[in-house]
Amino acid sequence: MVVRVRFAPSPTGRLHLGSIRTALFNFVFAKNQKGVFILRIEDTDKERSKKEFVDDIIESLKWLKLDPDEGPIFQSERIEIYRKVIEELLDKGKAYRCFCSKEELETKRQMQITKGEPPRYDGTCSKLSKEEINEKLSKGTPYVIRLKVPEQIITFKDFLRGDIKYDLRLIGDFIIAKSETEPLFHLATPVDDYYQGITHIIRGAEHIPNTPKQILIFKAMNWKIPVYAHIPLILGEGGGKLSKRHGAKSVLEYREEGFLPEAIINFLILLGWHPKGDKEIISMKEIIEEFRLEDVEKRPAIFNVKKLLWLNKIYLRRLSSVEIENLILNDPYLEDLKIYLENENYTKEKIHKIIELGKERANNIREIFETVKFFYQDFDYNKELLIWKDYTFEQIKNSLIQVKNTLENIPEEKFNADYLKQVLDTLNEDKGLTYWPLRVALTGLEASPPPIDIMLIIGKEKTLKLIDKAIEKLS
RNA sequence: GGCCCCGUCGUCUAAGGGCUAGGACACCGCUCUUUCAAGGCGGAAAUACGGGUUCGACUCCCGUCGGGGCCA
């Protein structure tokens, strides 16, 4: 039998890392099993579902290369299917219309709470005769549709956790639809899972308590129950489910910040699963080969940004400057960085070198240019910054003058890394006296790439100008 | 509050009756170095607690505590 799994988000907000991880586990399992990965958009809540969030979901999956084999399938387009199921459930007496008003229900609920009973529907309308129902219908009394829930303990198997028991008496006859054409989550989901031939339901652990309700629909319709596997939640750094409220960023925000999809995938798969051995860096290809659903961790994992940063840095350093350039050129989310690639002061070759220098010091693509901004804009600094160790302004100034004179005498054809190093290294016993003020003069920063690399990019003329500026500051 | 899930370094995890409880991120130190980053070397750091079962428990069972989720 072919494995079929689905990722079924509601388009009610931007997709964050917690959700996309569910998609990733589904995707990886499907590919490992040579199965089918389906995208289903659960948009039955018309109030909260938005087109922009549907686009966000699709774009996020695309960026991370988690493309669905089927879908997107929209629940909002399948109302007719749910209607048929609801009618069948009503016909078979597995579900019934409930005409109780909100006020009635609330009073009953309060009474149950006072008595210390679990608040649940008491089943009044399940006892209505055909005549009573027809009468209420003809009067246009508003109603909802409830499922008849047997008074028993249900046991279902979770692929990761084993048997989970649930006392159905705590649920009561719950509402499965607001009307024949307005199905609720607990109806639409199992109906779709059945009709879309889903074999394995891999979803977040927050759905464990929902599972008995959905299984009841399967049972009422006499359908084969799929395998359920509830993967652990990702918790925010302060504890608590990862959510927008906890400051969880959306997938596409990470994209905007210049994170690499490979790093995000690598990071997320390691939250709850790990390959054999001590491997930390793993490609999608390897994940697909090695993934075993049964090896997935049960305990919730706390989201740790530092590790994501580390992984991203590793993937970033693997890219050549040309690859980084192409990423920027082809990603509309990084469009504003193009100005750095098209700067007329530098040749293509020099821009590649700038990227190379920035890349070593950056966590993500955007940071590359932050660390080498001095190549692109005028800068200023306090003259105190020029001071190396305990040297005086006078000594620093002399050092800079010495450097300047030396550089001035170097012919253009000898202005290369090896020669510059050879000459500058011998100027002072304490190399810091040469390089620190020079570096500050060239960058205005206390932390930057090495001065020789910078000089080769900006050229002799600009270098001398910047040194002059520093000398002037000290005069 | 009721029900459910989960408990190994700060974090992600490895070991599923016998190990000096391993790795990675982060942290600290040393090294390299003009600075930063990266690299190299080293360090500190965990089986929540209490009872069982067993010759032997991080591992199995029970309880407590703690964290999380769902419903209200």
Side-chain angles (χ1 to χ4, degrees), chain A residues 106 109-110 112-113 116-120 153-154 156 158 160-172 174 186 204-213 230-243 266-282 295-314 316-317 357-363 367-368 371-372 385-389 391 396 399 403 421 424-425 427-428 430-443 445-452 454:
Chain A
E106 187 50 33
R109 215 176 66 82
Q110 287 307 332
Q112 286 169 328
I113 290 170
E117 291 169 10
R120 53 170 191 158
I153 291 170
I154 193 176
F156 68 94
D158 183 277
L160 298 175
R161 295 156 210 266
D163 287 343
I164 295 175
K165 279 192 197 133
Y166 205 89
D167 190 346
L168 292 177
R169 285 168 298 194
L170 298 170
I171 305 180
F174 63 94
H186 291 308
E206 75 268 29
H207 287 295
I208 293 174
N210 294 333
T211 308
K213 293 186 183 179
H230 289 97
I231 61 174
L233 252 25
I234 300 187
L235 273 28
E237 301 212 294
K241 192 164 72 155
L242 199 63
S243 65
N266 196 148
F267 172 72
L268 290 177
I269 199 70
L270 254 21
L271 248 34
W273 180 82
H274 70 97
K276 291 273 172 264
D278 290 331
K279 189 158 46 176
E280 301 281 337
I281 309 297
I282 186 163
D295 291 341
V296 171
E297 182 62 52
K298 287 190 283 289
R299 65 170 186 268
I302 294 170
F303 175 83
N304 178 213
V305 204
K306 293 258 178 75
K307 191 148 185 178
L308 209 208
L309 250 32
W310 172 73
L311 278 165
N312 202 63
K313 203 187 283 182
I314 285 181
L316 188 63
R317 251 188 269 116
L357 291 179
K359 178 181 110 173
E360 298 301 321
R361 273 152 267 265
N363 289 315
E367 274 181 23
I368 291 178
T371 60
V372 292
L385 198 57
L386 290 161
I387 301 296
W388 170 245
K389 288 187 179 162
Y391 291 96
I396 296 294
S399 168
V403 169
K421 183 169 167 26
L424 292 175
D425 274 1
L427 284 184
N428 289 295
D430 181 355
K431 287 190 206 164
L433 182 55
T434 308
Y435 287 110
W436 175 273
L438 173 59
R439 207 176 45 71
V440 172
L442 299 179
T443 65
L445 301 169
E446 53 185 318
S448 81
I452 293 179
I454 297 168

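Sequence lines set the chain letters: A, B, ... in the order given, protein chains first and strands last, and positions in each chain run from 1.
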*Give none if B:rG66 has no partner; otherwise give the nucleotide forming a Watson-Crick or G-U wobble pair with it, both distances under 3.5 Å.*
B:rC6

*Of the nucleotides B:rG68, B:rG69, B:rU13, which one has an atom closest to the side chain of A:Glu297?*
B:rU13

_Euclidean distance for C1', B:rU33 against B:rA15 (whole angstrom)_ = 40 Å

*CG/A:Leu311 to NZ/A:Lys306 distance, rounded to the nearest 0.5 angstrom?*
14.5 Å

*Could you please name the partner base of B:rC30, counting Watson-Crick and G-U wobble pairs only when both distances are under 3.5 Å?*
B:rG40

*asked:* Suppose we define a pair by two distances each less than 3.5 Å, Watson-Crick or G-U wobble; what does B:rC71 pair with here?
replied: B:rG1

*Write down the distance between CD1 (A:Ile208) and C1' (B:rC71), rounded to a whole number of angstrom.*
14 Å

*Could you walk me through whether A:Phe303 and A:Phe267 pass the side-chain contact (heavy atoms from CB on, under 4.5 Å) test, one step at a time?*
CA-CA 10 Å; A:Phe303 175 83; A:Phe267 172 72; 3.4 Å; yes

*Between the main-chain N or O of A:Pro232 and the side-chain N or O of A:Arg299, is there a donor-acceptor pair closer than 3.5 Å?*
no

_Taking pairing as Watson-Crick or G-U wobble with both contacts under 3.5 Å, can you name the mate of B:rA24, or confirm there isn't one?_
B:rU11

*Taking NZ from A:Lys213 and C1' from B:rC3, how many angstroms apart are they, rounded to a whole number?*
12 Å

*Looking only at atom C1', what distance separates B:rU13 and B:rA72, rounded to whole Å?*
36 Å

*Phosphate OP1/OP2 of B:rA14: any A:His274 side-chain N/O under 4.0 Å*: yes

*Where the side chain of A:Thr371 meets the backbone of A:Ala362, is there a donor-acceptor pair that is under 3.5 Å apart?*
no

*Roughly, in whole Å, what's the span from CG in A:Asp163 to P in B:rC6?*
12 Å

*Closest nucleotide of RNA chain B for A:Asp295 versus for A:Asp425: which of these residues is on the 5' side?*
A:Asp295

*How is A:Pro232 classified with respect to the nucleic acid when contacts are heavy atoms under 4.0 Å: base, sugar-phosphate, or nothing?*
nothing

*When the C1' atoms of B:rG1 and B:rG43 are considered, how many whole Å apart are they?*
48 Å

*Tell me which of A:Phe303 and A:His207 sits closer to the 5' end of RNA chain B, going by the nucleotide each one is nearest to.*
A:Phe303

*Is A:Tyr166 touching bases, backbone alone, or none of the nucleic acid, heavy atoms closer than 4.0 Å?*
sugar-phosphate

_At 4.0 Å (heavy atoms only), tell me whether A:Arg161 reaches a base, stays on the sugar-phosphate, or touches nothing._
sugar-phosphate

*State which of B:rA37, B:rC12, B:rU34 makes the closest approach to the side chain of A:Arg361.*
B:rA37

*Atom P, compared across B:rG66 and B:rA48: separation rounded to whole Å*: 15 Å

*d(CD, A:Glu360; C1', B:rC36) in whole Å*: 12 Å

*asked:* Taking the P atom in each of B:rG69 and B:rG50, what is the distance between them to the nearest angstrom?
replied: 28 Å

*Scan A:Gly272 against the nucleic acid and name what it touches under 4.0 Å (heavy atoms): base, sugar-phosphate only, or nothing.*
sugar-phosphate

*Interatomic distance, A:Lys298 NZ vs B:rG68 C1' [rounded to whole Å]*: 16 Å

_Quick check: do A:Thr211 and A:Tyr166 have side-chain heavy atoms less than 4.5 Å from each other?_
no

*Where the side chain of A:Glu206 is defined as all heavy atoms beyond and including C-beta, which of B:rU34, B:rC70, B:rG68 is the nearest nucleotide?*
B:rC70

_Can you measure A:Ile234 atom CD1 to B:rU13 atom C1' for me and round it to whole angstrom units?_
14 Å

_Exercise: identify the closest heavy-atom pair between A:Gly236 and A:Ile302_ = O-CG2, 3.6 Å

*Opposite nucleotide pairing with B:rC60, Watson-Crick or G-U, both atom distances under 3.5 Å*: B:rG52

Review item, nucleotides 61-64 of chain B N/O atoms under 3.5 Å of protein N/O:
none

*Rounded to the nearest 0.5 Å, what's the gap from OG1 on A:Thr434 to CG on A:Asn428? Could you check?*
3.5 Å

*Side chain of A:Ile302: nearest nucleotide among B:rG2, B:rC70, B:rU11?*
B:rU11

*Closest heavy-atom pair and its distance - A:Glu280, A:Asn266*: O-ND2, 3.0 Å

Just the table, please: protein N/O against nucleotides 21-29 of chain B N/O, every pair under 3.5 Å.
residue	atom	partner	partner atom	Å
B:rG23	N2	A:Glu280	OE2	3.4
B:rA24	O4'	A:Glu280	OE2	3.0
B:rC25	O2'	A:Lys307	N	3.4

*Indicate, with a heavy-atom threshold strictly under 4.0 Å, whether A:Trp273 touches base, sugar-phosphate, or nothing.*
nothing

_B:rU8 and B:rA24, which share atom name C1', separated by this distance in whole Å_ = 15 Å

*Any side-chain heavy-atom pair from A:His230 and A:Leu160 closer than 4.5 angstrom?*
no

*How about A:Val372 and A:Arg361: do any of their side-chain heavy atoms sit closer than 4.5 Å?*
no

*With a non-hydrogen cut-off below 4.0 angstrom, is A:Ile164 in contact with a base, only sugar-phosphate, or nothing?*
sugar-phosphate

*About how many Å separate CD1 of A:Ile269 and CD1 of A:Ile282, when rounded to the nearest 0.5 Å?*
8.0 Å

*Are OP1 or OP2 of B:rU8 and a side-chain N or O of A:Arg299 less than 4.0 angstrom apart?*
yes

*Which part of the nucleic acid, if any, lies within reach of A:Pro437 when heavy atoms closer than 4.0 Å are counted: base, sugar-phosphate only, or nothing?*
nothing

*In whole angstrom, give the distance that lies between atom CD1 of A:Ile282 and atom P of B:rA14.*
13 Å

_Same-atom distance (P) from B:rG52 to B:rA57, integer angstrom_ = 12 Å

*Report yes or no: do A:Tyr435 and A:Asp425 form a side-chain donor-acceptor pair below 3.5 Å?*
yes

*Take atom NZ of A:Lys165 and atom C1' of B:rC3, then tell me their distance rounded to the nearest Å.*
14 Å

_If I pick the P atom on B:rU59 and the same atom on B:rA21, what distance separates them, to the nearest angstrom?_
15 Å

*Are A:Arg169 and A:Arg120 side-chain neighbours, meaning at least one heavy-atom pair lies under 4.5 Å?*
yes

